[in-house]
Colleague: 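Below you'll find the structure I mean.
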2 protein chains.
Amino acid sequence: MATREESRVDRQVRLSRERVLGAAVALADARGVGSLTMRSLAESLGVEAMSLYHHVANKEAVLDGLVEVVMAEIERAVAGLASPAPEDDWRRAMRMRVLAAREVLLCHPWAPGVFETRRGTSLAVVRYYDGVLGLMRRGGFDYDLGHRALHALGSRALGFSQELFEPPGEGAEEALAAMAVEVPHLAAMAAEASHGVSGRLGWCDFQAEFEFGLDLILDGLERLRVAS
Amino acid sequence: MATREESRVDRQVRLSRERVLGAAVALADARGVGSLTMRSLAESLGVEAMSLYHHVANKEAVLDGLVEVVMAEIERAVAGLASPAPEDDWRRAMRMRVLAAREVLLCHPWAPGVFETRRGTSLAVVRYYDGVLGLMRRGGFDYDLGHRALHALGSRALGFSQELFEPPGEGAEEALAAMAVEVPHLAAMAAEASHGVSGRLGWCDFQAEFEFGLDLILDGLERLRVAS
DNA sequence: CGACGCTACCGTACAGCGTAAGAACCGCCC
DNA sequence: GGGCGGTTCTTACGCTGTACGGTAGCGTCG
C-alpha cells in the first residue's frame with residue numbers, strides 16, 4: 001500500500017556517487033568537515049550509513065570526492081575567465097586564475113584542510129597544476145624554471161596558503177595586548193595598525209595580504225624568466 | 001612488601017606533563033601521529049590511559065603540547081645560530097633561521113600537519129613569528145611591510161610549506177607517464193628532468209626547491225624594503 | 001603514633017566512529 | 001510468476017576519547 005509509493009519517493013531518487021558527494025559538500029559547507037560522518041551523511045540523504053558503501057569505497061573516498069567536486073568548480077571558474085593569453089601577459093593570466101580558484105575556496109572554508117591531506121594523490125589537482133605549468137610555458141618559462149615556480153607557489157596556486165591567524169574573532173586584539181610582554185614586535189605592529197597609520201581598514205585584510213604574497217612571488221618569477 | 005618498592009620504581013618516576021609530552025613526541029616520531037592515541041601513549045609510559053588526564057586536559061592539549069615541544073627545539077636551534085646581525089644582512093639572518101627551523105621539522109615529519117591544525121592558538125608559534133618580525137625590524141622594515149612579509153612567508157617562515165608531492169615513492173614516474181595524456185606539461189617536465197637536461201640529481205630536490213621559493217620571497221621583500 | 005585527607009593512579013563504562021557481514025527488499029527480465 | 005542482481009537495512013565489532021568512581025600511598029596534623 002503506502003510502502004510502494006513511499007519507499008522510493010521519500011528519498012526522491014536512487015542514491016548515486018554524485019548525490020552522495022553533493023550531500024557531503026553541502027554538509028561540510030553547513031556544519032564543517034568535522035561533523036561529516038558516514039552516519040550524518042547518510043541521514044542527510046534519508047538513508048542508513050551502510051548504504052553509502054555501495055557508491056563510495058569508504059570515507060577516504062568521500063574525502064577524495066570532495067576535492068574532486070571542488071576542483072571541478074575551480075576548473076569551471078577558470079574556464080569562464082576572460083584572462084589575457086599567457087603569451088601576452090602570463091602574470092595577469094596567472095593572477096586571475098589563482099584569484100578565481102581562491103574565490104571558490106572561500107565558499108568552502110573546509111577545503112584547504114581536506115586538500116592538504118590528499119595533495120599529490122588526486123588527479124584533479126595534478127591536472128590543475130598541469131594547467132598552471134602550461135600557462136607558464138606559454139608565458140615563456142622553460143620546464144626547469146616552471147618546475148621551481150610550482151614549488152615556489154605551492155598551495156598559493158590553488159588560492160590558499162594556510163593563513164597565519166584565522167579570522168581574528170572576538171577580542172583577538174586584547175589577547176595580543178595581553179601577550180605584549182612575550183611578543184613585543186607583534187603587539188607594536190598591531191597597535192600601530194589599529195591607530196590607522198597604515199590606512200587600511202580593519203587591522204588585517206586577508207585578501208590583500210594574499211594578493212601581496214602572490215604578487216611578490218609572481219614578480220620574482222618574472223625577473224628570473226627574463227633573465228634566463 | 002614488594003608492592004612498596006615496586007609500585008613507584010617500575011615506572012621509574014612519577015608521571016608529569018613533561019614526561020607525557022616527551023613520550024608523545026617519541027611515539028609520533030616512531031609510529032606517526034596517526035597512531036598516537038591516549039591508550040597507546042599511556043602504554044608507552046607503562047600506565048593506564050586515564051592517568052594521563054591528571055597531567056593534560058585532553059588529547060587536544062597533548063597536540064598543543066607537541067607543537068610546544070617542537071617549537072622549543074626550534075628556538076634552541078635558532079639560538080645556537082651564528083647568523084649575522086640583521087642590521088648587516090637581514091636576508092642571510094632570516095635564511096639561516098628558517099633553514100634551522102626546517103632542519104628540526106624534518107626530524108618530525110608529523111609536525112607540519114599538527115601545526116596546521118593549531119596555528120594562531122599557540123603562544124610558542126606566535127612568539128616565533130614575533131622573533132621573525134623583530135629580525136625584519138632590525139633589518140630595516142617598518143611594521144607595515146613586516147606585517148605583509150609575515151603573510152607572504154606563511155609557514156615557510158617555520159621551515160615548511162605543504163610539499164606539492166610527497167617523496168615520490170615507488171613508481172611515481174610511471175604513474176605520471178600513465179597520466180601523460182591528462183597532464184602533458186607535467187609529463188613533459190618530468191621527462192625532461194629525468195633526461196638529466198637540468199643537471200640536478202634525482203628529478204626533484206625538495207630542499208633545493210624550498211630554498212628557491214624562500215629566496216624568491218626574500219629577494220622580493222628586499223626590493224620592496226629598499227624602495228620604501 | 002595513628003587517622004585523615006590529597007592527589008595520582010586504575011578499572012569500568014559509554015557514546016560515537018568507520019565498516020564487515022548477512023538478511024531483506026526492490027525492480028527487472030525470462 | 002519466479003527467480004535474480006543490485007540496493008538498502010540491521011546488527012555487531014573494534015577502536016576512539018573520556019566521564020565517573022574507587023583505591024592506594026604520601027604528607028600533615030592531633
Side-chain angles (χ1 to χ4, degrees), chain A residues 1-24 27-28 30-67 110 113-114 117-118 121, chain B residues 1-24 27-28 30-67 110 113-114 117-118 121:
Chain A
M1 355 233 108
T3 56
R4 149 127 1 119
E5 282 94 326
E6 236 182 281
S7 59
R8 286 284 176 262
V9 171
D10 270 16
R11 40 177 182 283
Q12 50 269 27
V13 297
R14 294 263 293 285
L15 236 42
S16 70
R17 181 179 144 85
E18 285 66 39
R19 249 161 59 74
V20 169
L21 294 183
L27 213 147
R31 282 199 267 287
V33 66
S35 71
L36 173 63
T37 71
M38 295 304 271
R39 287 178 232 263
S40 69
L41 178 53
E43 191 186 1
S44 82
L45 286 159
V47 131
E48 294 302 311
M50 288 310 293
S51 306
L52 302 174
Y53 286 84
H54 283 266
H55 301 96
V56 295
N58 49 37
K59 187 173 183 183
E60 284 296 287
V62 173
L63 295 176
D64 288 345
L66 244 40
V67 344
W110 45 267
V114 176
T117 65
R118 348 196 79 56
T121 321
Chain B
M1 346 253 97
T3 56
R4 148 128 358 116
E5 282 95 323
E6 235 181 282
S7 59
R8 286 284 176 259
V9 171
D10 268 16
R11 40 176 182 281
Q12 51 271 27
V13 298
R14 295 264 293 286
L15 233 43
S16 71
R17 183 179 142 83
E18 284 66 39
R19 248 162 58 75
V20 169
L21 295 183
L27 211 146
R31 282 200 267 287
V33 68
S35 72
L36 174 63
T37 71
M38 295 305 270
R39 287 180 230 264
S40 69
L41 177 53
E43 190 186 0
S44 82
L45 286 159
V47 132
E48 292 305 307
M50 287 312 291
S51 305
L52 303 174
Y53 285 83
H54 283 266
H55 301 95
V56 295
N58 50 36
K59 187 172 181 182
E60 284 296 286
V62 172
L63 295 176
D64 289 344
L66 285 185
V67 344
W110 45 267
V114 176
T117 65
R118 343 198 82 57
T121 322

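It should be emphasised that the depicted structure is a prediction, and the values quoted were computed from it without experimental measurement. So you know, we letter chains A, B, ... as the sequences are listed, proteins then strands, and number each from 1.
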Colleague: What is the separation between atom NZ on A/K59 and atom C1' on D/dC15, rounded to the nearest whole Å?
Modeller: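 In whole Å, D/dC15 C1' and A/K59 NZ are 14 Å from each other.
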Colleague: So which nucleotide from C/dT19, C/dC9, D/dT18 ends up closest to the side chain of A/N58?
Modeller: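 In terms of side-chain proximity for A/N58, the closest of C/dT19, C/dC9, D/dT18 is C/dT19.
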Colleague: Let me know the distance between CD of B/E48 and C1' of D/dG22, rounded to the nearest Å.
Modeller: 14 Å
Colleague: Tell me which of B/H54 and B/A57 sits closer to the 5' end of DNA chain D, going by the nucleotide each one is nearest to.
Modeller: B/A57
Colleague: Rounded to the Å, how far apart are B/E18 CD and C/dA8 P?
Modeller: 13 Å
Colleague: Using whole Å, report how far OH of A/Y53 lies from P of D/dA12.
Modeller: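 So the two atoms are 18 Å apart, to the nearest Å.
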Colleague: Ignoring backbone atoms, test whether B/H55 places a side-chain nitrogen or oxygen under 4.0 Å from the OP1 or OP2 oxygen of C/dC9.
Modeller: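 The answer is yes; a side-chain N or O of B/H55 sits under 4.0 Å from OP1 or OP2.
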Colleague: Does OP1 or OP2 of C/dC17 have a side-chain N or O of A/T37 closer than 4.0 Å?
Modeller: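 Answer is yes, contact under 4.0 Å.
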Colleague: How many whole angstroms separate atom CE of B/M38 from atom C1' of C/dC10?
Modeller: 15 Å
Colleague: Taking side chain as C-beta onward, heavy atoms only, is B/L66 less than 4.5 Å from B/W110?
Modeller: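 Result yes, sub-4.5 Å side-chain heavy-atom pair found.
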Colleague: Just by modelled atom types, is the B/A42 backbone N or O under 3.5 Å from a matching donor or acceptor in the B/S51 side chain?
Modeller: no
Colleague: For residues A/D64 and A/V56, determine if any side-chain heavy atom of one lies less than 4.5 Å from a side-chain heavy atom of the other.
Modeller: no
Colleague: Can you tell me how far P of D/dG17 sits from CG of B/L41, to the nearest Å?
Modeller: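 My rounded result for the distance is 10 Å.
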Colleague: From the options D/dG17, C/dG11, C/dC9, select the nucleotide whose nearest atom is closest to the side chain of B/R39.
Modeller: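 The answer is D/dG17.
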Colleague: Does any non-hydrogen side-chain atom of B/E60 lie less than 4.5 Å from one of B/R118?
Modeller: yes
Colleague: Can you name the nearest heavy-atom pair linking B/M38 to B/N58, along with the distance?
Modeller: CE-C, 4.4 Å
Colleague: Taking the side chain as C-beta and beyond, is there a heavy-atom pair between B/L27 and B/V33 under 4.5 Å?
Modeller: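 B/L27 does not reach B/V33 side chain to side chain.
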Colleague: In whole angstrom, give the distance that lies between atom CG of B/L52 and atom P of D/dT16.
Modeller: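 Result: 13 Å.
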Colleague: Quick one: is D/dC9 close enough that its OP1 or OP2 comes under 4.0 Å of any side-chain N or O from A/S51?
Modeller: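 For A/S51, the contact criterion (side-chain N or O under 4.0 Å from OP1 or OP2 of D/dC9) is met.
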Colleague: Can you check the A/L36 CG to C/dC17 C1' distance for me, whole Å?
Modeller: 12 Å
Colleague: Where the side chain of A/M50 is concerned, which of D/dG17, C/dG18, C/dA21 is the nearest nucleotide?
Modeller: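 The answer is C/dA21, which lies nearest to the side chain.
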Colleague: Just how far is it from atom CZ of A/R31 to atom OG1 of A/T37, taken to the nearest 0.5 Å?
Modeller: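 These two atoms lie 10.0 Å from each other.
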Colleague: Just to be sure I understand: a Watson-Crick pair is purine N1 to pyrimidine N3 plus N6-O4 or O6-N4, both under 3.5 Å. Using that and G-U wobbles, which stems of three or more pairs involve DNA chain C?
Modeller: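 DNA chain C stems, ordered by first number: C:1-30 with D:1-30.
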